[in-house]
Amino acid sequence: MMQDYPETDLFKKQMRESLQREVRNSRAIKIAKHADVYAGGEHDEMVYFIESGQVKLIMLSSEGRECLLAIHASGDVFGELCLSGIAGRLETATAMEDTLLKKVPCAKFLERLATDSLLEGFVKYLAVRVADQQEVIANLVTVDSEQRLGKTLLHLARQLGEKGQRSTRIELRISHEELSNMIGTTRPRVSVFMQRFRNLGLIEHTEEHYLIVKENKLTTYLATIA
């Protein structure tokens, strides 16, 4: 999963602020929970900025099996692959809850980055995204599914969680099926690993069904089974 790079985090903050200025006077689009923002194969030359809510990106195999590529939350940008010139979306973007989006045409997106001197940072950001995907592919081949799940939980905690003193709370409800699609294994195996993590005190569930990830403990555990 995407590494924590201070420069990348700074750029993402700058890009969010830049796009907020770009879309300040545009109307937000409401996407209902489980509805698609766009589907694979559609021609859609827009970059999307999330004002509130969550969106997941998935791809379908030839057998119709889902592969969950990423989850994006409030303040995130997605849909940048429209800049590649590839005809049609490769992935499907689906709202995980009621979501408010603003969209920017590809040309306007690049103009805004140029105006705010962010093009170089955007290239570095995309390079980090490529490195992240390479790591995901390598993990699918070289790392067992329990470690992949643990690393995915750590990534989701850093990306979507509310950090406390000793743990991080993820309020977004992510199903075992969705986790299995992220790490390339079966839902029953994910359930077994999640129960093991709970028994070891690495994760917890609150009364509201929020997931608590104890990052330090989980990181230490993954190092012992590597």
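All figures in this text were calculated on a predicted structure; none of them were measured in a lab. Note that the numbering runs from 1 along the sequence shown for the chain.
- Cluster membership check: L57 shares its hydrophobic cluster with M59, using side-chain heavy-atom separations under 4.5 Å among Ile, Leu, Val, Met, Phe, Trp and Tyr.
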> Which is it for E97 and R173 under the salt bridge (Lys or Arg N to Asp or Glu O under 4.0 Å) test, yes or no, and what are the steps along the way?
Replying inline: CA-CA 10 Å; E97 59 181 42; R173 296 184 184 182; over 6 Å; no
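- Side-chain contact check for R148 versus K151: every heavy-atom pair is 4.5 Å or farther apart.
- To the nearest 0.5 angstrom, I29 atom CD1 is 10.0 Å from E51 atom CD.
- Taking OG1 of T115 as the start and CG of L110 as the end, the distance is 10.5 Å to the nearest 0.5 Å.
- Environment of CD in E120: sparse, with no more than 12 heavy atoms of neighbouring residues, nucleotides or ligands closer than 6.0 Å.
- Here CD of Q159 is found 9.5 Å from CG of L172. Values are rounded to the nearest 0.5 Å.
- In this structure the side chain of R16 reaches within 4.5 angstrom of the side chain of K12, judged on heavy atoms.
- The shortest heavy-atom contact between A95 and I31 is CB-CG2, 3.7 Å.
- Remark: K102 does not engage E22 in a salt bridge, criterion side-chain N to carboxylate O under 4.0 Å.
- When side chains are defined from C-beta on, F193 does not count as touching D144, because their heavy atoms never get closer than 4.5 Å.
- Side chains of Y221 and K214 form no contact here, defined as non-hydrogen atoms less than 4.5 Å apart.
- A pairwise comparison of heavy atoms in L211 and H205 identifies CD1-NE2, 3.7 Å as the closest pair.
- Within a 6.0 Å radius of CG in N199, more than 12 heavy atoms belonging to other residues, nucleotides or ligands are found.
- A heavy-atom distance below 4.5 Å is not found between the side chains of V104 and F49.
- Across all their heavy atoms, T99 and G53 have their closest contact at OG1-CA, 3.6 Å.
- We find the CE-CG distance between M15 and D76 to be 8.0 Å, quoted to the nearest 0.5 Å.
- For K103 and D44, the salt-bridge test fails: no basic side-chain N is under 4.0 Å from an acidic carboxylate O.
- In terms of the side chain to side chain donor-acceptor pair (under 3.5 Å) criterion, residue partners of R169 (sequence neighbours excluded) are, by chain and number, E171.
- In this structure, the separation between CG on D36 and OG1 on T92 is 5.5 Å, given to the nearest 0.5 Å.
- In this structure, T185 OG1 and L149 CG are separated by 9.0 Å, a value rounded to the nearest 0.5 Å.
- Residues C82 and R89 meet the side-chain proximity criterion, which asks for heavy atoms closer than 4.5 Å.
- With hydrogens and angles disregarded, no donor-acceptor distance shorter than 3.5 Å links the side chain of N181 to the backbone of C67.
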>> The test is side-chain contact (heavy atoms from CB on, under 4.5 Å); show your working for R187 and S191 and say whether it passes.
In response: CA-CA 6 Å; R187 185 197 57 74; S191 297; 3.5 Å; yes
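- If you chain together hydrophobic residues whose side chains sit under 4.5 Å apart, L60 and L179 never meet in one group.
- A search for side-chain contact (heavy atoms from CB on, under 4.5 Å) contacts involving S52 returns L100, not counting sequence neighbours.
- Side chains of E177 and S175: no donor on one and acceptor on the other come within 3.5 Å.
- Of the candidates L156, L68, T152, L156 is the only one forming a side-chain contact (heavy atoms from CB on, under 4.5 Å) with I174.
- In terms of heavy-atom proximity, G150 sits nearest to L218 at O-CD2, 3.6 Å.
- Looking at residues two or more places apart in sequence or on another chain, you find a ring pair (Phe, Tyr, Trp, His ring centres under 6.0 Å) between Y38 and Y48.
- Hydrophobic clustering (side-chain heavy atoms under 4.5 Å, transitive across Ile, Leu, Val, Met, Phe, Trp, Tyr) groups I225 together with L154.
- Hydrophobic clustering of Ile, Leu, Val, Met, Phe, Trp and Tyr side chains at less than 4.5 Å, counting indirect connections, keeps V130 apart from V77.
- Under the 4.5 Å side-chain heavy-atom criterion for ILVMFWY residues, no single connected hydrophobic cluster contains both Y210 and V190.
- The minimum heavy-atom distance between V47 and E80, with the atom names listed, is CG2-CA, 4.3 Å.
- L153 is listed as a side-chain neighbour of M194, based on a closest heavy-atom distance under 4.5 Å.
- Residues A87 and H43 approach most closely at CB-CE1, 3.7 Å, considering heavy atoms.
- Classification of the F11-Y125 ring pair by plane angle, with boundaries at 30° and 60°, yields tilted.
- Taking the side chain as every heavy atom from C-beta outward, E178 and I71 never approach each other to under 4.5 Å.
- Ion pairing between K13 and E17 holds under the 4.0 Å rule for side-chain N and carboxylate O.
- No side-chain donor-acceptor contact under 3.5 Å links E66 to the backbone of I58.
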